[in-house]
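Worksheet: the structure to be examined is printed underneath.
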There are 2 protein chains.
Amino acid sequence: MAKKELDLSTEEKIKEAARKVFTEKGFSAARTRDIAEEAGMNLALLNYYFRSKERLFDIIMIENIQKFVVAVKGILNNESVPLKMKVEQISSNYIDMLVLNPDLPLFILSELRANPERLIDRLGVKGFLFKSHYFKQIKEAAKNQEVNSLHFFINTMALIVFPFVASPLLKTIGDIKQDEFTKLMLERKKLVAKWVEAMLKAK
Amino acid sequence: MAKKELDLSTEEKIKEAARKVFTEKGFSAARTRDIAEEAGMNLALLNYYFRSKERLFDIIMIENIQKFVVAVKGILNNESVPLKMKVEQISSNYIDMLVLNPDLPLFILSELRANPERLIDRLGVKGFLFKSHYFKQIKEAAKNQEVNSLHFFINTMALIVFPFVASPLLKTIGDIKQDEFTKLMLERKKLVAKWVEAMLKAK
DNA sequence: GTCTATAGCGCGATAGAC
DNA sequence: GTCTATCGCGCTATAGAC
């Protein structure tokens, strides 16, 4: 425990390097040699600590997905927080996390495409969303609307996550620098809840 | 010309197969052997018609990106169409196209991450967006808002594209079947413009 | 635990017969 | 144009010295 925190163990160095290389290139394009080099050590150690490239990848991926769970844990089912404030908290937490890990959503979504259920099953979040108090609140707020309330859940996620997924395009097409992009994203922490509220009231 | 349309040439068969395999697996995970098999022919023919895997990929990718351009060509700069109607047309065209090619956005965005400018440069759409009449209209509509009007361009794209990017997750977490998903998406053809309008007016 | 060296194999690409 | 057979490389994984 204390020892690990002191010397940042070899195992942790490898994981750090793997996180970086996998996130940048995806599973198939990433090479174990890249990861070893990034970690400043030999290739053979990767297979000593983790049995294979695939096992290392799974560990990283699970941890990445957990970041999405952790960021809203404790918020979703807090029954004393009204919807608008809840959306504000969710946006704020997610955007802060995504500014630090901007490649995360695109990485997760593109790697999930190949085998969606293998990884999701292992997390046990299958019905999680629909059972949450948050989803009940959306339903309640959208009940005077004639459309499926799932749309508003999708829209909220879209406003929070999409800019990060599309950032390579935005930056290139719009000629936006990294710090401008970050500034724009931080502005959205307050705006998303306002926009969601407006959509819920729209007619 | 006429000949090609009649027999659906070998070259076209390969491109069709490549489109499918690349879109499903991404460049690195796709194998030329898969493409050849999918096209019902031998691996050697791939290199006879296209010099290499990379050249074949580039051709497919360019065509894919073109689909996004084609879907809004003629709309963006039509000065006689008011903003709300323009957003309706854009949503409608894009959603129709995306229902037919649901994997397209995730494919393009994840492959673009590696080399953003190499492919975009070849298309000459660099300043395209900001010069468009559509963008001027957004600016005009958002001028009483205190925030960067770029947000509203991002939001519109988010509402249209994000559900398709996140569909593997939505389907798994939300237990949504393919035809339910398609039905939901088609509903959005009319809704997006309404929502964008509401966000523009929000305070 | 960490290294070097290499096994073993799957990949993209090509030579050459038809 | 289309096939079979094969080259040669680069990858993951492992054996074995230290």
Side-chain angles (χ1 to χ4, degrees), chain A residues 1-62 107 110-111 113-115 118-119, chain B residues 1-62 107 110-111 113-115 118-119:
Chain A
M1 280 279 185
K3 198 159 65 174
K4 271 195 179 179
E5 278 160 358
L6 282 177
D7 40 312
L8 188 58
S9 65
T10 303
E11 190 174 340
E12 204 54 49
K13 274 188 213 158
I14 294 174
K15 276 172 64 173
E16 211 58 52
R19 210 185 319 279
K20 188 179 170 198
V21 176
F22 278 138
T23 307
E24 274 172 5
K25 307 193 176 182
F27 176 78
S28 295
R31 300 176 310 154
T32 51
R33 282 168 164 83
D34 297 337
I35 297 173
E37 194 187 352
E38 177 73 31
M41 63 187 53
N42 194 275
L43 189 158
L45 278 183
L46 256 97
N47 289 310
Y48 175 76
Y49 281 99
F50 309 88
R51 271 172 40 97
S52 70
K53 179 188 180 185
E54 201 173 358
R55 277 177 56 87
L56 177 54
F57 177 81
D58 282 359
I59 291 170
I60 301 297
M61 179 57 107
I62 300 280
F107 171 66
S110 59
E111 295 297 334
R113 175 181 35 167
N115 17 358
R118 182 179 123 239
L119 285 160
Chain B
M1 278 285 182
K3 197 159 66 174
K4 272 195 178 180
E5 279 158 359
L6 280 177
D7 40 312
L8 188 59
S9 65
T10 304
E11 191 174 340
E12 205 55 47
K13 273 188 212 158
I14 295 175
K15 276 172 65 173
E16 211 59 52
R19 210 183 320 278
K20 186 179 172 197
V21 176
F22 278 138
T23 308
E24 274 173 6
K25 306 194 176 182
F27 176 78
S28 295
R31 300 177 311 156
T32 52
R33 284 169 165 81
D34 295 337
I35 298 174
E37 195 187 351
E38 177 73 32
M41 63 188 55
N42 194 275
L43 188 159
L45 277 183
L46 255 99
N47 290 310
Y48 176 77
Y49 281 99
F50 308 88
R51 270 170 41 95
S52 70
K53 180 188 180 184
E54 202 173 357
R55 278 176 56 86
L56 177 54
F57 176 81
D58 282 0
I59 291 170
I60 301 297
M61 180 56 108
I62 300 280
F107 171 66
S110 60
E111 296 296 334
R113 174 180 39 168
N115 17 0
R118 181 179 125 239
L119 285 160

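Order of the sequence lines fixes the chain letters, A, B, ..., with proteins taken first and strands second; residue numbering starts at 1 for each chain. On a predicted model such as this, the values are computed, not experimentally measured, just so you know.
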Inset, instruction - Over 60° means perpendicular and under 30° means parallel, so classify the ring planes of A/Phe22 and A/Phe57, tilted if in between. - result: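 Rings of A/Phe57 and A/Phe22: perpendicular, over 60°.
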Report, one line per pair, each donor and acceptor closer than 3.5 Å where one atom sits in a side chain of residues 42-49 of chain B; sequence neighbours left out.
| residue | atom | partner | partner atom | Å |
| --- | --- | --- | --- | --- |
| B/Asn42 | OD1 | B/Ala44 | N | 2.7 |

Within this structure, what is the [atom1]-to-[atom2] distance between [X] and [N], rounded to whole angstrom?
X       : N      : atom1 : atom2 : value
B/Leu56 : C/dC11 : CG    : C1'   : 16 Å
B/Leu46 : D/dG1  : CG    : P     : 15 Å
B/Glu37 : D/dT4  : CD    : P     : 13 Å
A/Lys25 : D/dC11 : NZ    : C1'   : 13 Å

Legend entry - Check: B/Ala39 main-chain N/O paired with B/Lys20 side-chain donor or acceptor under 3.5 Å: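 Side chain of B/Lys20 to backbone of B/Ala39: no pair is present.
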Inset, instruction - Kindly compute the distance separating OG1 (A/Thr32) from CG (A/Leu56), expressed to the nearest 0.5 Å. - result: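 A/Thr32 atom OG1 to A/Leu56 atom CG measures 9.5 Å (nearest 0.5 Å).
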Legend entry - Atom pair OG (A/Ser28) and NZ (A/Lys53), whose distance is rounded to the nearest 0.5 Å: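 One gets 6.0 Å once the value is rounded to the nearest 0.5 Å.
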Legend entry - Short side-chain N/O contact to C/dG1 OP1/OP2 from A/Thr10, under 4.0 Å: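 Indeed not, no polar side-chain atom of A/Thr10 lies that close.
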Legend entry - From C/dC3, D/dT2, C/dG10, nucleotide with atom closest to B/Arg31 side chain: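 For the B/Arg31 side chain, the nearest candidate turns out to be C/dG10.
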Inset, instruction - Mind checking B/Ala29 for me? I need base, sugar-phosphate or nothing, with any heavy atom below 4.0 Å counting as a touch. - result: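 No contact.
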Inset, instruction - Give one of base, sugar-phosphate or nothing for A/Ala36, where a contact means two heavy atoms less than 4.0 Å apart. - result: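 Counting heavy atoms under 4.0 Å across all strands, no contact is made by A/Ala36.
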Legend entry - B/Arg31: side chain to side chain donor-acceptor pair (under 3.5 Å) partners, not counting sequence neighbours: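 Side chain to side chain donor-acceptor pair (under 3.5 Å) list for B/Arg31, sorted by chain: B/Asp34.
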Please list, for nucleotides 13-17 of chain D, all pairs of protein and nucleotide N/O atoms separated by less than 3.5 Å.
| residue | atom | partner | partner atom | Å |
| --- | --- | --- | --- | --- |
| D/dA13 | OP2 | A/Asn47 | OD1 | 3.4 |
| D/dA13 | OP2 | A/Lys53 | N | 2.9 |

